[in-house]
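Within every chain, numbering begins at 1; the chains are lettered A, B, ... in the order of the sequence lines, protein sequences first and strands thereafter.
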Number of protein chains: 2
Amino acid sequence: MLIRVDGSSTVPLYEQIAAGVRRAITEGAVSRGDRLPAAKELGASLDVNMHTVLKAYGQLRDEGIIEMRRGRGVTVVDQPADHALLAESARKLVADARRAGLTAEEIIRLVDVRDQKRRE
Amino acid sequence: MLIRVDGSSTVPLYEQIAAGVRRAITEGAVSRGDRLPAAKELGASLDVNMHTVLKAYGQLRDEGIIEMRRGRGVTVVDQPADHALLAESARKLVADARRAGLTAEEIIRLVDVRDQKRRE
DNA sequence: ACCTATTTGTCCGTATGTATG
DNA sequence: CCATACATACGGACAAATAGG
């Protein structure tokens, strides 16, 4: 799994790392159930502090794509959900959001993981 | 707003602080739109590090309960309930979708109601 | 327009705790 | 018991956004 970070970028290091791991997964460089390098280890290879890697990992965990366990390490979450169920959940979310008065753009922003800046 | 923490508890300090703020809001000790004490300030009064308070605040922000802005501070949002529920639903949807292997663009399409409109 | 203080955001380093194997 | 690896907490440093003089 090769990830590169740019210290001069305005994008936070932990976001770059998280994006790199996501990319490695979607591109198949890392498979489901695979173990990711220990935070300390990946940090060393990127010349980045362990905590920064842990923050990236924590974000991915919150997104549900990896699992973190003490003493055991980090693994890519095992397997899928059903597309029909996803569509159903999506319709519900949109309905709720519309009731709450959100615009289409705001609803999209709700699930947009591409712009990694905190919503403000 | 009075919060107390127990350093000997197994519950993490930042969880205790987050719980205390939630309680203060639901009990009406803090109103919508009110400003919460600066992390440094609350930390000093609780004898806890600023970063620990910031972690608690960050959790509440992820739940949609508060807003944080540099230079300005932390404020309780207008409609915590609605926003929190929506954010939570969205988070789950994104997590499920990612487990199903959907890309960010595919996830957005799930909730995009702007049919043929151009997305910039 | 400028400067300063405030306050959150990120990153680093260290230390200690806790679950796993 | 021991090594591994994440979890929490502290502290310091600097950056970036905001507000006020």
**Student:** Is it possible for you to say whether Val48(A) and Met68(A) belong to one hydrophobic cluster, with membership spreading through side-chain heavy-atom contacts below 4.5 Å?
**Tutor:**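 Result: yes, single cluster for both.
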**Student:** Quick one: Gln59(B) CD to dT8(C) P, roughly how many Å, whole number?
**Tutor:**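 The answer, rounded to whole Å, is 17 Å.
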**Student:** Write out a two-atom table: protein N or O, nucleotide N or O from nucleotides 9-11 of chain D, distance below 3.5 Å.
**Tutor:**
from, atom 1, to, atom 2, distance (Å)
dA9(D), OP1, Leu13(B), N, 2.2
dA9(D), OP2, Leu13(B), N, 3.3
dA9(D), OP2, Tyr14(B), N, 3.3
dA9(D), N6, His51(A), NE2, 3.2
dC10(D), OP2, Asn49(B), N, 3.0
dC10(D), OP2, Thr52(B), OG1, 2.4
dG11(D), OP2, Asn49(B), ND2, 2.9
dG11(D), N7, His51(B), ND1, 3.3

**Student:** Hey, does Leu42(B) have a side-chain heavy atom less than 4.5 Å from the side chain of Ile17(B)?
**Tutor:**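 Heavy-atom side-chain distance check passes, below 4.5 Å.
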**Student:** Measure the distance from CZ on Arg35(A) to C1' on dC6(D) and round it to the nearest whole Å.
**Tutor:**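 Result: 11 Å.
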**Student:** Can you give one letter per nucleotide of nucleotides 16-21 of chain C, going 5' to 3': B for a protein heavy atom under 4.0 Å from the base, S for sugar-phosphate only, - for none?
**Tutor:** -BBBBS
**Student:** Grab the CD-C1' distance between Glu67(B) and dG9(C) for me, whole Å please.
**Tutor:**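 That distance rounds to 16 Å.
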**Student:** Determine the sole option in Ile66(A), Leu54(A), Val74(A), Val77(A) for which the side-chain contact (heavy atoms from CB on, under 4.5 Å) test with Arg61(A) is passed.
**Tutor:**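 Among the candidates, only Ile66(A) passes.
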**Student:** Is there a side-chain contact between Val76(A) and Ile65(A) in this structure, where contact means two heavy atoms from C-beta onward sitting under 4.5 Å apart?
**Tutor:**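 No. Closest side-chain heavy atoms not under 4.5 Å.
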**Student:** Could you give the CD1-to-P distance, from Ile66(B) to dT7(C), as a whole number of Å?
**Tutor:**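 In whole Å, dT7(C) P and Ile66(B) CD1 are 15 Å from each other.
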**Student:** So, Arg35(B) side chain and Arg72(B) main chain: donor-acceptor pair closer than 3.5 Å or not?
**Tutor:**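 A pair under 3.5 Å: yes.
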**Student:** So, using side chain to side chain donor-acceptor pair (under 3.5 Å) as the criterion, who are the partners of Glu15(B) when residues are at least two apart?
**Tutor:**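 Testing Glu15(B) for side chain to side chain donor-acceptor pair (under 3.5 Å), a comparison that skips the adjacent residues, returns Gln59(B).
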**Student:** Hey, are the side chains of Leu110(B) and Val111(A) touching, using non-hydrogen atoms and a 4.5 Å cut-off?
**Tutor:**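 Of all side-chain heavy-atom pairs linking Val111(A) with Leu110(B), none is under 4.5 Å.
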**Student:** dT7(C) P sits how many Å from Leu42(B) CG, rounded?
**Tutor:**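 Taking CG of Leu42(B) and P of dT7(C), I get 12 Å after rounding.
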**Student:** In whole angstroms, how far is the P atom of dT10(C) from the CG atom of Leu54(A)?
**Tutor:**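 Answer to the nearest Å: 16 Å.
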**Student:** Around atom CG of Asp47(B), are there more than 12 heavy atoms of other residues, nucleotides or ligands at under 6.0 Å?
**Tutor:**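 For Asp47(B), atom CG is not crowded (no more than 12 foreign heavy atoms under 6.0 Å).
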**Student:** Take atom NZ of Lys40(A) and atom P of dA7(D), then tell me their distance rounded to the nearest Å.
**Tutor:**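 One finds 16 Å between P of dA7(D) and NZ of Lys40(A), rounded.
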